[in-house]
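Below is one structure; the comments refer to it alone.
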Amino acid sequence: MAEELKIAHGGKQECYDQLYRQVVTLLNGESDKIANMANVAAMIHYTLRPLWTGFYRVEGDELVLGPFQGPLACSRIGYGKGVCGTAWQSMQTIVVEDVELFPGHIACSSLSRSEIVVPVLHGEEVVAVLDIDSTEVGTFDDIDREWLERIVALM
Ligand code: SME
């Protein structure tokens, strides 16, 4: 994770507070969903510095890879499959402390050790998921959940 997040225990809150405000500014006046996903993925990635940050969009009965930053990833994930498909199905954020302990986890990269997946909701419908992968176990917690849910609610 980013040095910014490692420096101080309270640093994560400040980091997200700044990120949130940047996303508000960035999304202001732009309605194109792909453009916004691309910029939000880049902004999160270059702030938190995880292994991978990106979106999967709901297309029929599958998630299809959308804008991302990081290594190559799987193109399609089925409903209820992996962490992403499970977050889509449950319409809930999933924090995975150790990917080896999540049954059905889809390993797009062998370097991924923990993960958070946040559904992007339009009304009662999941239209996409935000997925962030870390090379370290236990990277994500309720602070990440809370802020990332606030960020995707802007989209
Ligand atoms: N690990 C995810 C797959 C997507 S990649 O991590 C980018 C999952 O289990 O759904």
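All ligand and atom numbering here is 1-based and tracks the order in the structure.
- In terms of N/O distances under 3.5 Å, ligand 1 is approached by Val83.
- Linking ILVMFWY side-chain heavy atoms closer than 4.5 Å, directly or via other members, places Met43 and Val117 in two distinct hydrophobic clusters.
- Counting heavy atoms from C-beta on, the side chains of Asp141 and Val95 never come closer than 4.5 Å.
- Remark: ligand 1 and Asp133 share an N or O pair separated by less than 3.5 Å (distance only, no angle test).
- The distance criterion of under 3.5 Å between nitrogen or oxygen atoms is met by Ile106 with respect to ligand 1.
- Where the criterion is an N or O separation shorter than 3.5 Å, residue side chain and backbone included, Asp131 meets it with respect to ligand 1.
- Classification of the Trp88-Tyr79 ring pair by plane angle, with boundaries at 30° and 60°, yields perpendicular.
- Applying the 6.0 Å contact sphere to CG of Leu72 captures no more than 12 heavy atoms from other residues, nucleotides or ligands.
- Atoms of ligand 1 lying under 4.0 Å from any heavy atom of Gly82, numbered from 1 in the order shown and given with element: 9 (O), 10 (O).
- Proximity of a side-chain donor or acceptor of Tyr56 to a complementary backbone N or O of Cys74 within less than 3.5 Å is detected.
- Interface atoms of ligand 1 facing Tyr56, defined by a heavy-atom separation under 4.0 Å, are 4 (C), 7 (C).
- Both Val99 and Leu51 are members of a single hydrophobic cluster when ILVMFWY side chains are connected at heavy-atom separations under 4.5 Å.
- In terms of polar-atom proximity, defined here as any N/O pair under 3.5 Å, Cys84 does make such a contact with ligand 1.
- Which parts of ligand 1 touch Glu115 is read off a 4.0 Å heavy-atom cut-off, strictly below it: atoms 1 (N), 2 (C), 6 (O), 8 (C).
- With ligand atoms numbered from 1 in the order given, ligand 1 contributes 7 (C) to contacts under 4.0 Å with heavy atoms of Trp52.
- Side-chain contact of Gln13 with Trp147: a donor-acceptor pair under 3.5 Å is present, judged by distance alone.
- Two residues are said to be in side-chain contact when any heavy atoms from C-beta on lie closer than 4.5 Å; Pro50 and His45 meet this criterion.
- When hydrogens are left out, the protein atom nearest atom 5 (S) of ligand 1 is Cys108 SG, 3.1 Å; that is the closest non-hydrogen contact.
- Residue His105 has at least one heavy-atom neighbour below 4.0 Å for each of these atoms of ligand 1: 1 (N), 9 (O).
- In the vicinity of Ile77, heavy-atom distances shorter than 4.0 Å reach the ligand 1 atoms 3 (C), 4 (C), 10 (O).
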